[in-house]
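Notes to accompany the following structure.
The figures here come from the full heavy-atom set of this structure, side chains too, leaving out hydrogens, waters and symmetry mates.
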Amino acid sequence: MINLSELFRFLAKYAARGAPSAITGGGGKTSLLYGLGAELEKHGRVLLTTTTKIFRPKPEECRGVFIGPARLCAEFLRAAPERSKLTAASGEKDGKLIGYAPEEIDALARCGAADFAVAECDGSRGRPLKFYEEWEPPVPETSAAVFAVMGAYAAGAAINDENIFRADKFRELHGAHEKAASLKTLLSYLLHAEGPLKNAPRAAKKILIINKWETLDEKRAAETEAIFPALLEKYDAVCAASARRGELYAVKEK
(Lines give C-alpha, C1' and ligand atoms only; values in the text may rest on other atoms or scores of the structure.)
Protein backbone atom coordinates (compact mmCIF):
# COMPACT_ATOMS: atom_id res chain seq x y z
CA MET A 1 0.00 0.00 0.00
CA ILE A 2 1.36 3.43 -0.94
CA ASN A 3 -0.52 5.58 1.51
CA LEU A 4 -3.93 5.97 3.09
CA SER A 5 -6.28 8.71 1.79
CA GLU A 6 -4.05 9.37 -1.21
CA LEU A 7 -6.51 8.30 -3.90
CA PHE A 8 -8.40 11.54 -4.40
CA ARG A 9 -5.33 13.74 -4.09
CA PHE A 10 -3.78 11.63 -6.83
CA LEU A 11 -6.85 11.79 -9.10
CA ALA A 12 -7.37 15.54 -8.55
CA LYS A 13 -4.19 16.35 -10.45
CA TYR A 14 -5.90 15.07 -13.62
CA ALA A 15 -9.03 17.24 -13.16
CA ALA A 16 -8.59 20.38 -15.24
CA ARG A 17 -10.15 23.77 -14.54
CA GLY A 18 -12.68 24.85 -17.15
CA ALA A 19 -13.23 21.39 -18.65
CA PRO A 20 -15.36 18.47 -17.47
CA SER A 21 -14.04 15.32 -15.88
CA ALA A 22 -16.12 12.27 -16.85
CA ILE A 23 -16.61 9.06 -14.88
CA THR A 24 -17.48 5.86 -16.74
CA GLY A 25 -17.53 2.12 -16.07
CA GLY A 26 -19.09 0.30 -13.14
CA GLY A 27 -18.37 -0.65 -9.56
CA GLY A 28 -17.83 2.60 -7.67
CA LYS A 29 -18.62 5.63 -9.86
CA THR A 30 -20.72 7.42 -7.24
CA SER A 31 -18.14 7.00 -4.46
CA LEU A 32 -15.57 8.38 -6.87
CA LEU A 33 -17.81 11.33 -7.82
CA TYR A 34 -18.26 12.54 -4.27
CA GLY A 35 -14.77 11.64 -3.07
CA LEU A 36 -13.17 13.57 -5.91
CA GLY A 37 -15.63 16.40 -5.33
CA ALA A 38 -14.56 16.68 -1.69
CA GLU A 39 -10.91 16.89 -2.71
CA LEU A 40 -11.49 19.48 -5.45
CA GLU A 41 -13.61 21.60 -3.09
CA LYS A 42 -10.36 22.52 -1.34
CA HIS A 43 -9.34 24.33 -4.52
CA GLY A 44 -12.51 26.08 -5.68
CA ARG A 45 -16.17 25.74 -6.64
CA VAL A 46 -17.10 22.25 -7.80
CA LEU A 47 -20.05 21.15 -9.89
CA LEU A 48 -21.04 17.49 -9.45
CA THR A 49 -23.54 16.18 -11.94
CA THR A 50 -24.41 13.41 -14.37
CA THR A 51 -25.36 12.77 -17.97
CA THR A 52 -27.50 9.81 -16.85
CA LYS A 53 -29.23 9.38 -13.48
CA ILE A 54 -27.87 9.22 -9.94
CA PHE A 55 -29.40 8.93 -6.50
CA ARG A 56 -29.78 12.16 -4.55
CA PRO A 57 -26.59 12.51 -2.47
CA LYS A 58 -26.52 11.76 1.24
CA PRO A 59 -25.71 14.79 3.45
CA GLU A 60 -22.21 13.46 4.11
CA GLU A 61 -21.62 13.23 0.35
CA CYS A 62 -22.87 16.68 -0.66
CA ARG A 63 -25.24 19.00 1.18
CA GLY A 64 -25.84 21.39 -1.70
CA VAL A 65 -28.34 20.20 -4.31
CA PHE A 66 -29.70 22.24 -7.21
CA ILE A 67 -32.46 21.02 -9.49
CA GLY A 68 -33.26 23.11 -12.53
CA PRO A 69 -32.09 24.13 -16.00
CA ALA A 70 -28.38 24.48 -16.74
CA ARG A 71 -28.67 28.25 -17.25
CA LEU A 72 -29.96 28.77 -13.72
CA CYS A 73 -27.42 26.29 -12.39
CA ALA A 74 -24.62 28.55 -13.65
CA GLU A 75 -26.13 31.53 -11.83
CA PHE A 76 -26.51 29.48 -8.65
CA LEU A 77 -22.88 28.37 -8.83
CA ARG A 78 -21.59 31.93 -9.26
CA ALA A 79 -23.30 32.90 -5.99
CA ALA A 80 -21.77 29.97 -4.09
CA PRO A 81 -18.75 30.32 -1.73
CA GLU A 82 -15.34 30.24 -3.41
CA ARG A 83 -14.67 26.78 -2.00
CA SER A 84 -17.82 24.71 -2.18
CA LYS A 85 -19.45 21.85 -4.04
CA LEU A 86 -22.89 21.52 -5.52
CA THR A 87 -24.71 18.51 -6.93
CA ALA A 88 -26.89 19.67 -9.81
CA ALA A 89 -29.45 18.03 -12.07
CA SER A 90 -32.17 19.03 -14.48
CA GLY A 91 -34.91 17.16 -12.63
CA GLU A 92 -35.79 14.37 -10.23
CA LYS A 93 -37.96 11.31 -10.70
CA ASP A 94 -38.50 8.13 -8.68
CA GLY A 95 -35.78 9.07 -6.20
CA LYS A 96 -33.12 9.73 -8.83
CA LEU A 97 -31.63 12.96 -10.11
CA ILE A 98 -31.85 13.33 -13.88
CA GLY A 99 -28.71 14.83 -15.35
CA TYR A 100 -27.88 17.30 -18.08
CA ALA A 101 -27.06 16.65 -21.72
CA PRO A 102 -23.30 16.33 -22.41
CA GLU A 103 -23.25 19.62 -24.31
CA GLU A 104 -24.87 21.40 -21.36
CA ILE A 105 -22.08 20.15 -19.11
CA ASP A 106 -19.53 21.30 -21.67
CA ALA A 107 -21.08 24.77 -21.49
CA LEU A 108 -21.30 24.80 -17.69
CA ALA A 109 -17.62 23.92 -17.41
CA ARG A 110 -16.61 26.46 -20.04
CA CYS A 111 -18.59 29.41 -18.61
CA GLY A 112 -16.44 29.57 -15.49
CA ALA A 113 -19.27 29.41 -12.96
CA ALA A 114 -17.44 26.50 -11.32
CA ASP A 115 -13.70 25.86 -11.19
CA PHE A 116 -14.22 22.13 -11.67
CA ALA A 117 -17.02 20.02 -13.15
CA VAL A 118 -17.22 16.28 -12.57
CA ALA A 119 -19.93 14.19 -14.23
CA GLU A 120 -20.99 10.59 -13.80
CA CYS A 121 -21.52 9.51 -17.41
CA ASP A 122 -22.45 5.85 -17.30
CA GLY A 123 -24.95 3.40 -15.88
CA SER A 124 -24.31 -0.27 -15.20
CA ARG A 125 -27.00 -1.09 -12.61
CA GLY A 126 -24.32 -1.88 -10.08
CA ARG A 127 -22.38 -4.34 -12.22
CA PRO A 128 -18.60 -3.99 -12.66
CA LEU A 129 -18.74 -4.96 -16.36
CA LYS A 130 -21.10 -4.07 -19.18
CA PHE A 131 -21.77 -4.12 -22.89
CA TYR A 132 -22.13 -0.64 -24.33
CA GLU A 133 -25.00 0.14 -26.63
CA GLU A 134 -24.54 2.59 -29.50
CA TRP A 135 -25.54 5.66 -27.47
CA GLU A 136 -23.37 4.92 -24.45
CA PRO A 137 -21.62 6.36 -22.54
CA PRO A 138 -22.73 10.01 -22.95
CA VAL A 139 -19.39 11.75 -22.32
CA PRO A 140 -19.03 15.55 -22.75
CA GLU A 141 -16.83 16.12 -25.79
CA THR A 142 -14.60 18.69 -24.05
CA SER A 143 -13.77 16.36 -21.16
CA ALA A 144 -10.13 16.78 -20.19
CA ALA A 145 -10.10 13.62 -18.07
CA VAL A 146 -11.99 10.34 -18.18
CA PHE A 147 -11.94 8.24 -15.03
CA ALA A 148 -12.93 4.67 -15.91
CA VAL A 149 -13.97 2.52 -12.96
CA MET A 150 -14.10 -1.26 -12.69
CA GLY A 151 -14.92 -3.20 -9.54
CA ALA A 152 -11.95 -5.42 -8.68
CA TYR A 153 -14.31 -8.27 -7.92
CA ALA A 154 -14.91 -8.60 -11.67
CA ALA A 155 -11.78 -10.76 -11.78
CA GLY A 156 -13.01 -14.32 -11.44
CA ALA A 157 -16.68 -13.30 -11.31
CA ALA A 158 -19.19 -15.52 -13.07
CA ILE A 159 -20.09 -14.32 -16.54
CA ASN A 160 -23.79 -13.81 -16.04
CA ASP A 161 -26.39 -11.07 -15.66
CA GLU A 162 -25.59 -10.63 -11.98
CA ASN A 163 -22.10 -9.36 -12.75
CA ILE A 164 -22.37 -8.04 -16.28
CA PHE A 165 -24.89 -5.57 -17.68
CA ARG A 166 -26.11 -7.17 -20.93
CA ALA A 167 -24.08 -10.32 -20.34
CA ASP A 168 -24.99 -12.13 -23.55
CA LYS A 169 -23.77 -9.30 -25.78
CA PHE A 170 -20.66 -8.89 -23.60
CA ARG A 171 -19.85 -12.60 -23.99
CA GLU A 172 -20.19 -12.38 -27.75
CA LEU A 173 -18.13 -9.20 -28.16
CA HIS A 174 -15.23 -10.35 -26.01
CA GLY A 175 -15.30 -14.06 -26.86
CA ALA A 176 -15.79 -14.72 -23.16
CA HIS A 177 -16.96 -18.31 -23.19
CA GLU A 178 -15.38 -19.29 -19.87
CA LYS A 179 -17.56 -19.62 -16.75
CA ALA A 180 -15.71 -16.90 -14.81
CA ALA A 181 -14.15 -13.69 -16.12
CA SER A 182 -10.46 -14.30 -16.82
CA LEU A 183 -7.79 -11.60 -16.86
CA LYS A 184 -7.72 -12.01 -20.65
CA THR A 185 -11.41 -11.10 -20.78
CA LEU A 186 -10.89 -8.12 -18.47
CA LEU A 187 -8.06 -6.86 -20.69
CA SER A 188 -10.28 -7.23 -23.74
CA TYR A 189 -13.03 -5.22 -22.04
CA LEU A 190 -10.81 -2.47 -20.64
CA LEU A 191 -8.81 -1.94 -23.84
CA HIS A 192 -11.63 -2.43 -26.33
CA ALA A 193 -12.91 0.50 -28.42
CA GLU A 194 -16.36 -0.48 -27.15
CA GLY A 195 -15.22 -0.53 -23.52
CA PRO A 196 -15.30 2.11 -20.76
CA LEU A 197 -13.12 4.50 -22.80
CA LYS A 198 -15.67 4.56 -25.61
CA ASN A 199 -16.50 8.20 -26.48
CA ALA A 200 -13.53 9.51 -24.48
CA PRO A 201 -12.05 12.53 -26.29
CA ARG A 202 -8.72 11.69 -27.89
CA ALA A 203 -6.89 14.41 -25.97
CA ALA A 204 -8.39 13.52 -22.59
CA LYS A 205 -6.25 11.98 -19.88
CA LYS A 206 -7.50 8.47 -19.24
CA ILE A 207 -7.27 6.95 -15.79
CA LEU A 208 -8.43 3.49 -14.78
CA ILE A 209 -9.48 2.94 -11.18
CA ILE A 210 -9.79 -0.72 -10.20
CA ASN A 211 -12.02 -0.18 -7.20
CA LYS A 212 -12.72 -2.27 -4.09
CA TRP A 213 -9.18 -3.62 -4.27
CA GLU A 214 -9.50 -4.60 -0.61
CA THR A 215 -11.88 -7.42 -1.61
CA LEU A 216 -9.09 -9.31 -3.43
CA ASP A 217 -6.97 -11.91 -1.69
CA GLU A 218 -3.19 -11.65 -2.02
CA LYS A 219 -2.96 -14.06 -4.98
CA ARG A 220 -5.75 -12.40 -6.97
CA ALA A 221 -4.35 -8.93 -6.26
CA ALA A 222 -0.90 -9.95 -7.54
CA GLU A 223 -2.38 -11.51 -10.68
CA THR A 224 -4.48 -8.42 -11.40
CA GLU A 225 -1.62 -6.00 -10.78
CA ALA A 226 0.45 -7.96 -13.30
CA ILE A 227 -1.77 -6.67 -16.15
CA PHE A 228 -1.19 -2.99 -15.28
CA PRO A 229 1.67 -2.55 -17.82
CA ALA A 230 -0.54 -3.85 -20.62
CA LEU A 231 -3.31 -1.43 -19.61
CA LEU A 232 -0.98 1.53 -20.09
CA GLU A 233 -1.43 0.96 -23.82
CA LYS A 234 -4.68 2.95 -23.51
CA TYR A 235 -4.56 4.54 -20.04
CA ASP A 236 -2.32 7.27 -18.67
CA ALA A 237 -2.55 5.77 -15.19
CA VAL A 238 -3.92 2.63 -13.56
CA CYS A 239 -4.87 2.64 -9.87
CA ALA A 240 -5.62 -0.14 -7.40
CA ALA A 241 -7.92 1.63 -4.99
CA SER A 242 -10.83 1.80 -2.60
CA ALA A 243 -12.99 4.82 -3.46
CA ARG A 244 -15.13 4.32 -0.36
CA ARG A 245 -12.10 4.45 1.93
CA GLY A 246 -10.06 6.86 -0.21
CA GLU A 247 -7.19 4.38 -0.22
CA LEU A 248 -4.64 3.98 -3.01
CA TYR A 249 -2.94 0.60 -2.89
CA ALA A 250 -0.86 0.73 -6.06
CA VAL A 251 -0.52 2.95 -9.10
CA LYS A 252 1.28 2.77 -12.41
CA GLU A 253 1.59 5.76 -14.74
CA LYS A 254 3.02 6.21 -18.22
Side-chain angles (χ1 to χ4, degrees), residues 1-3 6-8 10-11 13-14 22-29 31-32 35-36 122 124 126-132 136-137 139 145-160 162-167 169-200 202 204-254:
M1 184 184 297
I2 292 178
N3 201 345
E6 282 293 313
L7 173 62
F8 298 115
F10 174 79
L11 298 180
K13 72 179 186 178
Y14 287 102
I23 302 175
T24 65
K29 293 188 299 296
S31 296
L32 185 66
L36 184 57
D122 210 344
S124 63
R127 280 85 156 177
L129 304 172
K130 71 176 286 187
F131 172 88
Y132 286 86
E136 300 175 308
V139 174
V146 174
F147 299 103
V149 182
M150 184 190 75
Y153 51 96
I159 296 181
N160 58 31
E162 290 185 12
N163 298 310
I164 303 172
F165 189 32
R166 306 175 185 127
K169 292 182 177 179
F170 178 97
R171 187 183 293 110
E172 181 178 352
L173 178 64
H174 298 289
H177 302 298
E178 67 269 30
K179 291 184 179 178
S182 64
L183 292 175
K184 180 181 176 182
T185 293
L186 297 187
L187 273 173
S188 175
Y189 166 71
L190 292 168
L191 297 176
H192 202 284
E194 297 293 320
L197 289 183
K198 182 185 176 189
N199 295 339
R202 177 174 294 183
K205 293 293 184 182
K206 301 166 183 73
I207 301 91
L208 173 64
I209 299 98
I210 302 180
N211 189 35
K212 303 185 181 179
W213 191 259
E214 71 277 16
T215 63
L216 301 182
D217 60 28
E218 189 173 340
K219 179 175 181 293
R220 182 76 73 183
E223 292 172 346
T224 305
E225 192 170 345
I227 68 172
F228 283 16
L231 291 166
L232 292 181
E233 175 188 338
K234 293 287 182 68
Y235 295 88
D236 294 283
V238 181
C239 305
S242 170
R244 183 173 60 83
R245 299 177 178 179
E247 295 176 355
L248 182 61
Y249 296 87
V251 64
K252 196 167 188 65
E253 293 180 274
K254 281 185 177 176

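At a threshold of 4.5 Å between non-hydrogen side-chain atoms, the residues Leu173 and Phe131 count as touching. Between Glu214 and Tyr249 the shortest side-chain heavy-atom distance falls below 4.5 Å. Side-chain atoms of His192 and Lys198, non-hydrogen and from C-beta on, never get closer than 4.5 Å to each other. Residues Val251 and Val238 form no side-chain contact, since every pair of their non-hydrogen atoms from C-beta on lies 4.5 Å or further apart. Leu186 has its side chain within reach of Leu129: a pair of non-hydrogen atoms, C-beta onward, lies under 4.5 Å apart. Taking 4.5 Å as the limit, every side-chain heavy atom of Cys239 sits out of range of all side-chain heavy atoms of Ile210. Using a 4.5 Å cut-off on side-chain heavy atoms (C-beta onward), Thr24 and Phe147 make no contact.
In this structure, Glu253 pairs ionically with Lys13, as a charged nitrogen and a carboxylate oxygen lie closer than 4.0 Å. Salt bridge status for Glu225 with Lys252: absent, with no side-chain N to carboxylate O gap under 4.0 Å. Taking a cutoff of 4.0 Å between a charged side-chain nitrogen and a carboxylate oxygen, Glu233 and Lys254 do not qualify as a salt bridge.
Annotation for Arg171 and Ala176: closest pair CG-O, 2.7 Å, computed over non-hydrogen atoms. The heavy-atom pair separating Asp236 from Lys205 by the smallest distance is OD2-CA, 3.4 Å. For Pro137 against Asn199, the heavy-atom pair with the smallest separation is O-ND2, 2.8 Å. Minimum interatomic distance between Leu197 and Lys234 (heavy atoms only, all atoms of both residues): CD1-O, 3.8 Å. Closest approach of Ser124 and Gly25 over heavy atoms only: OG-O, 3.9 Å. The minimum heavy-atom distance linking Ile207 with Tyr235 is given by the pair C-CD2, 3.9 Å.
Met150 CE to Ile209 CD1: the interatomic distance, rounded to the nearest 0.5 Å, is 11.0 Å. Rounded to the nearest 0.5 angstrom, Ile23 CD1 and Leu11 CG are separated by 9.0 Å. Between the CD atom in Glu172 and the NE2 atom in His174 there is a gap of 11.0 Å [rounded to 0.5 Å]. Rounded to the nearest 0.5 Å, atoms CZ (Arg166) and CZ (Arg127) are 10.0 Å apart. The CG atom of Leu248 sits 11.0 Å away from the CH2 atom of Trp213 when rounded to the nearest 0.5 Å. Distance CG/Asp217 to CD/Glu223: 8.0 Å, rounded to 0.5 Å.
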Stepwise side chain to side chain donor-acceptor pair (under 3.5 Å) test for Asp122 and Tyr132: CA-CA 10 Å; Asp122 210 344; Tyr132 286 86; 2.5 Å; yes
Working for side chain to side chain contact (heavy atoms under 4.5 Å, CB included), residues Lys184 and Glu178: CA-CA 11 Å; Lys184 180 181 176 182; Glu178 67 269 30; over 6 Å; no
Derivation of the side chain to side chain contact (heavy atoms under 4.5 Å, CB included) call for Leu32 and Asn211: CA-CA 9 Å; Leu32 185 66; Asn211 189 35; over 6 Å; no
Test side chain to side chain donor-acceptor pair (under 3.5 Å) applied to Ser188 and Thr185, step by step: CA-CA 5 Å; Ser188 175; Thr185 293; over 6 Å; no
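Checked by atom type and distance alone, the side chain of Thr215 pairs as donor or acceptor with a backbone atom of Lys212 at under 3.5 Å.
Ring centers of Phe165 and Phe170: at least 6.0 Å apart, outside the cut-off.
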